[in-house]
Amino acid sequence: MNKTYLKLTLDLDFILIAITAPLKDYVLCHKINTRLNTQFEKIEDHEIFFNIDEPAWSFSKYYFFVEQGEVEYYLICNKSSDGFLIPEMNKVDFFIIIKEFIDKEDLDYLINGLNKLPDIQVAAKIDPAKLKSRENLVI
């Protein structure tokens, strides 16, 4: 009898920025919108099922869309009342996921702008392929 194997690959074609900031999600979102001229808005929570028999874990999520270039930005909390979205990065409070292409200058502007906010301790680009729990970031 022949065996057929199904090989799944995750679409990790996005830029990931990790943010450490001891703020509520809506406060951080407001500060980013004010400082960087963005328009993040709250959308439906990002839900992850860790066990099929248990309810989904919900993580607060915000969305911003730039028509020029059709770039999508998502700001997602790493922490919820249930646990961490990416457990191996438990010191990180938020992630920004950028879908579609943005040039290096725009990315540098975003990261530098985030790091200049007084309440943000650090904002840095992370390679999602190196994360053990990377499938939790797929939107």
Side-chain angles (χ1 to χ4, degrees):
M1 181 161 113
N2 290 338
K3 291 184 180 182
T4 304
Y5 294 95
L6 179 63
K7 185 176 181 180
L8 297 175
T9 57
L10 295 174
D11 179 17
L12 299 176
D13 190 23
F14 58 82
I15 295 170
L16 182 65
I17 299 172
I19 300 173
T20 302
L23 298 171
K24 297 282 186 187
D25 54 347
Y26 57 87
V27 174
L28 176 66
C29 193
H30 174 71
K31 289 180 182 273
I32 292 172
N33 284 346
T34 304
R35 173 74 179 205
L36 298 177
N37 238 2
T38 57
Q39 296 173 355
F40 278 100
E41 294 180 357
K42 177 86 169 101
I43 60 172
E44 189 175 311
D45 286 350
H46 185 66
E47 293 187 337
I48 300 293
F49 289 91
F50 286 99
N51 291 317
I52 202 160
D53 300 335
E54 297 177 10
W57 292 12
S58 295
F59 298 89
S60 191
K61 182 168 63 173
Y62 295 79
Y63 177 74
F64 170 54
F65 181 72
V66 177
E67 286 186 30
Q68 181 182 1
E70 297 184 359
V71 182
E72 295 178 301
Y73 296 82
Y74 294 92
L75 175 68
I76 302 176
C77 289
N78 189 34
K79 299 176 185 176
S80 77
S81 59
D82 299 310
F84 291 96
L85 179 66
I86 306 295
E88 62 268 25
M89 297 199 71
N90 59 9
K91 302 290 186 223
V92 172
D93 297 307
F94 302 93
F95 292 104
I96 292 181
I97 295 173
I98 306 169
K99 291 189 156 217
E100 296 305 321
F101 174 78
I102 67 168
D103 60 23
K104 183 172 175 9
E105 291 149 6
D106 289 343
L107 180 60
D108 289 344
Y109 171 79
L110 176 64
I111 292 173
N112 289 335
L114 290 169
N115 281 314
K116 287 180 183 173
L117 285 169
D119 297 311
I120 293 181
Q121 295 169 349
V122 68
K125 183 180 173 188
I126 304 286
D127 183 3
K130 293 183 179 178
L131 297 174
K132 183 176 151 187
S133 306
R134 60 188 164 266
E135 67 275 358
N136 296 346
L137 294 170
V138 176
I139 296 178

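Since we're looking at a predicted model, the values are computed, not measured.
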Quick one: closest heavy-atom pair of [X] and [Y], and the distance?
X	Y	value
L36	G113	CD2-CA, 3.6 Å
Y63	I43	CB-CD1, 3.6 Å
L85	P87	O-CD, 3.4 Å
E54	F49	O-CD2, 4.0 Å
E100	E70	CG-O, 3.1 Å
S133	I86	O-CD1, 3.3 Å

Is [X] linked to [Y] within one hydrophobic cluster, defined over Ile, Leu, Val, Met, Phe, Trp and Tyr using a side-chain heavy-atom separation of less than 4.5 Å?
X	Y	result
F101	L110	no
I48	F84	no
I19	V122	no
L107	L75	yes

Please enumerate all residues that pass side-chain contact (heavy atoms from CB on, under 4.5 Å) together with [X], with sequence neighbours excluded.
X	value
I126	L16, A18, M89, L131
D127	A129, K130
K91	none
D119	L23, K31

Fill in: Listed partners of N90 passing side chain to side chain donor-acceptor pair (under 3.5 Å), at least two apart
none
Worksheet item: Is the number of heavy atoms from other residues, nucleotides or ligands within 6.0 Å of CD (E88) greater than 12?
Response: yes
Worksheet item: Within a radius of less than 6.0 Å around CD of Q39, do more than 12 heavy atoms belonging to other residues, nucleotides or ligands occur?
Response: no
Compare all side-chain heavy atoms of [X] with those of [Y] and state whether any distance is below 4.5 angstrom.
X	Y	answer
F14	E72	no
L28	D93	no
D106	V71	no
P22	Q121	yes

Worksheet item: Quick one: is the NZ or CZ of K42 closer than 6.0 Å to the six-membered ring centre of Y62, and within 45° of its axis?
Response: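 Satisfied, under 6.0 Å and within 45°.
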Worksheet item: Parallel, tilted or perpendicular: which fits the ring planes of W57 and F59, with parallel below 30° and perpendicular above 60°?
Response: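 W57 vs F59 ring planes: tilted.
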Fill in: Main-chain N/O of N136 paired with H46 side-chain donor or acceptor, under 3.5 Å
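Yes, the answer is positive, given that a donor and an acceptor are paired below the 3.5 Å cut-off.
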Worksheet item: To the nearest 0.5 Å, what is the distance between CZ (F94) and CG (D25)?
Response: 5.5 Å
Discussion item. Please list all pairs meeting ring-ring contact (aromatic ring centres under 6.0 Å, His included) that have one or both residues in residues 25-45, counting only residues at least two apart or in different chains.
Written reply: F40-F64
